[in-house]
Amino acid sequence: MKISIHKETVAPMTAWLKNAREQGTRNEKALRAILSMPDYGVEFQRYAEPNLPVCGIGFEEAVDFFLHFDEKDFENPRLAYKKESFLAFYNDLDNRLKKMEMLDSITAEDLGLVERLLENGLPDSMVAEMDRFTVLLTVSIGNSMGWPYGEYIHFDVANLDTLGDKQTFLHVLAHEIHHIMFSQLLPEEMSPRQYFFVNFAFEGLAVHFCNNAATPGKPAKYPGPTLGMDENSWQFYREQHAELIRKVLADGEKARDMTMEQVEKLVSEYEQFTFTSLKTGETRKVLQYPTYYIGCCLWGRIDLALGKERLFEALGSFDGFLDAWKEVERAS
């Protein structure tokens, strides 16, 4: 597996931001030239995909955001959500950019850790097929710390401070590559009900195998800490764990009689950056939406109880998932 790092846009964009902060000038022509660089082109392609999470930001909206992020409110909910954290980055630019140093120190041994995590989290036959991935670094206007798209793994320089250290970055990198490979395991056609449960596996298994997260009833995959997950969000879900699991299983029953369009809408309720507690009614901003937690618990338990080959078989049909889940429940 070969990994290259693209960061060509970072220097011109941070220079533009420093000039805006220190000189009070925002050159729109220069900004448009930066946002037209190839790496940003990949980002805007990704945001134009309507069937992917955290998308829906266009080029002109990005221009408007960078020109006015500290002086106006934005109608696009993605940009409205981004504003607070981006201002924190802008006001502490020099310190935040020091996080880039950890990427310059990545070694072949570090990448070996990424490969081992993926070997544990994918069928053996897939690991040998892993080829080349490009880590794409931009000062981003998106809501996600990182996302996979084609051969690219994107990381938002404005959010690098949330990763903590290089070890955490490597586990998050493995998480994003897991997404790319995992998509190849899924059937081309799924019933709405199967799609509902498999959707939780997409994030949940990356969290289980690569971030080493635990939930009530599901210990961590490896010895050691959880890496790259927001503890405040995770604790919020733990507090309503029983209610969350009951709800998702009940919604899975409802999906039996739904169309795919209705199920996609149902799934989207679990993929928001605000969530109302099923236990207390409190609405909170979350950094990782409930799909991560629920999928980690449901599908991670199948892996720990039955092994990864049985786990991947269960992805192939709804009956396969249901049989595996019943077996896990009987054994617990």
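Between Phe86 and Phe66, the gap from one ring centroid to the other is short of 6.0 Å. The ring of Tyr270 has its center no closer than 6.0 angstrom to the ring center of Tyr289. When ring centroids are compared, Trp299 and Phe321 come within the 6.0 Å threshold.
Here Glu231 pairs with Arg238 in a salt bridge; the nearest charged N to carboxylate O distance falls below 4.0 Å. With respect to the salt-bridge test (charged N to carboxylate O, under 4.0 angstrom), the residues Glu60 and Arg32 qualify. Salt-bridge formation is not detected for the pair Lys326/Asp323: no Lys NZ or Arg NE/NH1/NH2 atom is positioned less than 4.0 Å from an Asp or Glu carboxylate oxygen.
Interatomic distance, Ile3 CD1 to Ile106 CD1, rounded to the nearest 0.5 Å: 7.5 Å. To the nearest 0.5 Å, the span separating CG on Leu111 from CZ on Phe133 amounts to 11.5 Å. Residue Ile5 holds its CD1 atom at 8.5 Å from CE of Met100, rounded to the nearest 0.5 Å. How far CD of Gln262 is from CZ of Phe196: 13.0 Å, rounded to the nearest 0.5 Å. Atom CG in Leu170 sits 6.0 Å away from atom CD in Gln167 (nearest 0.5 Å). With rounding to the nearest 0.5 Å, the separation of CD in Glu8 from CG in Leu136 is 9.0 Å.
Remark: Arg26 is positioned above the aromatic ring of Phe69, its terminal NZ or CZ atom under 6.0 angstrom from the ring centre and at most 45 degrees off the axis.
Side-chain contact of His175 with His171: a donor-acceptor pair under 3.5 Å is absent, judged by distance alone. Side chain to side chain, Thr138 and Glu43 meet the donor-acceptor criterion of an N or O pair below 3.5 Å. Between Thr134 and Glu151, the side chains place a donor N or O and an acceptor N or O closer than 3.5 Å (distance only, hydrogens not considered). With no hydrogens or angles considered, no side-chain donor-acceptor pair links Thr215 and His241 at under 3.5 Å.
Not a single donor-acceptor pair under 3.5 Å links the side chain of Glu28 to the backbone N or O of Leu67. A donor-acceptor distance shorter than 3.5 angstrom exists from the side chain of Thr107 to the backbone of Asp110, with no hydrogens or angles considered. A distance-only check finds a donor-acceptor pair linking the side chain of Gln272 to the backbone of Ser268 [under 3.5 Å]. Checking side-chain atoms of Tyr40 against main-chain N and O of Val139 turns up a donor-acceptor pair under 3.5 Å. A donor-acceptor contact shorter than 3.5 Å links the side chain of Asn91 to the backbone of Leu87. At distances below 3.5 Å, at least one donor-acceptor pair connects side-chain atoms of Tyr222 with backbone N or O atoms of Phe209. The main-chain N or O of Val248 is never found under 3.5 Å from a side-chain atom of Asp251 such that the two would form a donor-acceptor pair. Between the side chain of Gln194 and the main chain of Leu315, a donor-acceptor pair closer than 3.5 Å is present. A donor-acceptor distance shorter than 3.5 angstrom exists from the side chain of Lys218 to the backbone of Ala213, with no hydrogens or angles considered. Asn212 contributes a side-chain N or O that, together with a main-chain N or O of Pro225, makes up a donor-acceptor pair within less than 3.5 Å.
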Would you check, one step at a time, whether the test salt bridge (Lys or Arg N to Asp or Glu O under 4.0 Å) holds for Lys18 with Asp94?
CA-CA 9 Å; Lys18 286 181 180 179; Asp94 292 327; 3.3 Å; yes
Just do the side-chain contact (heavy atoms from CB on, under 4.5 Å) check on Asn199 and Glu271 with the steps written out, would you?
CA-CA 10 Å; Asn199 187 77; Glu271 296 182 340; 3.0 Å; yes
Please report the C-alpha distance between Lys265 and Glu261 in whole Å, then the side-chain angles of each, then the deciding distance to 0.1 Å, and finally whether the salt bridge (Lys or Arg N to Asp or Glu O under 4.0 Å) criterion is met.
CA-CA 6 Å; Lys265 183 177 180 180; Glu261 184 178 358; over 6 Å; no
Between Arg96 and Tyr90, is a side-chain contact (heavy atoms from CB on, under 4.5 Å) present by the stated rule, with each step listed?
CA-CA 9 Å; Arg96 297 293 186 95; Tyr90 177 71; over 6 Å; no
Show, in sequence, the C-alpha distance, side-chain angles and deciding distance for Lys7 and Asp104, and conclude whether the salt bridge (Lys or Arg N to Asp or Glu O under 4.0 Å) test is met.
CA-CA 11 Å; Lys7 53 184 178 180; Asp104 296 328; 2.6 Å; yes
Asn232/Leu287 under side-chain contact (heavy atoms from CB on, under 4.5 Å): CA gap, chis, key distance, verdict
CA-CA 8 Å; Asn232 290 331; Leu287 292 184; over 6 Å; no
Are Tyr47 and Ile141 close enough, and set up right, to give a side-chain contact (heavy atoms from CB on, under 4.5 Å), and what steps lead you there?
CA-CA 10 Å; Tyr47 292 150; Ile141 35 71; 3.5 Å; yes
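Using the six-membered ring where Trp is involved, His6 and Tyr152 have ring planes that are perpendicular, over 60° apart on the 30 and 60° scheme.
Counting heavy-atom neighbours within 6.0 Å of Glu189 CD, excluding the residue itself, gives a total of 12 or less. Residue Gln235 qualifies as enclosed at atom CD: its count of foreign heavy atoms under 6.0 Å is above 12. The environment of Glu109 atom CD is sparse: at most 12 non-hydrogen atoms of other residues, nucleotides or ligands sit within 6.0 angstrom. Within 6.0 Å of the CD atom in Glu188, the count of heavy atoms belonging to other residues, nucleotides or ligands does not exceed 12.
Residues Phe155 and Leu113 share a single hydrophobic cluster, defined by chaining ILVMFWY side chains whose heavy atoms lie under 4.5 Å apart. Ile245 and Leu304 fall into different hydrophobic clusters, where Ile, Leu, Val, Met, Phe, Trp and Tyr residues are linked whenever their side-chain heavy atoms come under 4.5 Å apart, directly or through other members. Grouping the Ile, Leu, Val, Met, Phe, Trp and Tyr side chains by contacts below 4.5 angstrom, directly or via other members, places Leu205 apart from Leu227. Cluster membership check: Leu185 shares its hydrophobic cluster with Val207, using side-chain heavy-atom separations under 4.5 Å among Ile, Leu, Val, Met, Phe, Trp and Tyr.
Here the rule is side-chain contact (heavy atoms from CB on, under 4.5 Å) with Ser140, and of Asp156, Ile57, Thr9 only Asp156 fits it. Here the rule is ring-ring contact (aromatic ring centres under 6.0 Å, His included) with Tyr293, and of Tyr237, Phe275, Phe236 only Tyr237 fits it. Each of Arg310, Lys308, Lys221 was scored for a salt bridge (Lys or Arg N to Asp or Glu O under 4.0 Å) with Asp303, with one residue passing: Lys221.
With contacts defined as side-chain heavy-atom distances shorter than 4.5 Å, the pair Met13/Val157 does not qualify. Contact check for Tyr81 versus Thr274: no side-chain heavy atoms found under the 4.5 Å cut-off. At least one side-chain heavy atom of Glu49 sits less than 4.5 Å from a side-chain heavy atom of Tyr149. A 4.5 Å side-chain heavy-atom check between Leu311 and His208 finds every atom pair outside the cut-off. For the pair Asp64 and Lys72, the minimum side-chain heavy-atom distance is below 4.5 Å. Within the 4.5 Å cutoff, the side chain of Asp230 has no heavy atoms near those of the Trp234 side chain. Side-chain atoms of Glu84 and Lys285, non-hydrogen and from C-beta on, do get closer than 4.5 Å to each other. Under the 4.5 Å side-chain criterion, counting only non-hydrogen atoms from C-beta, Ser105 is in contact with Lys166.
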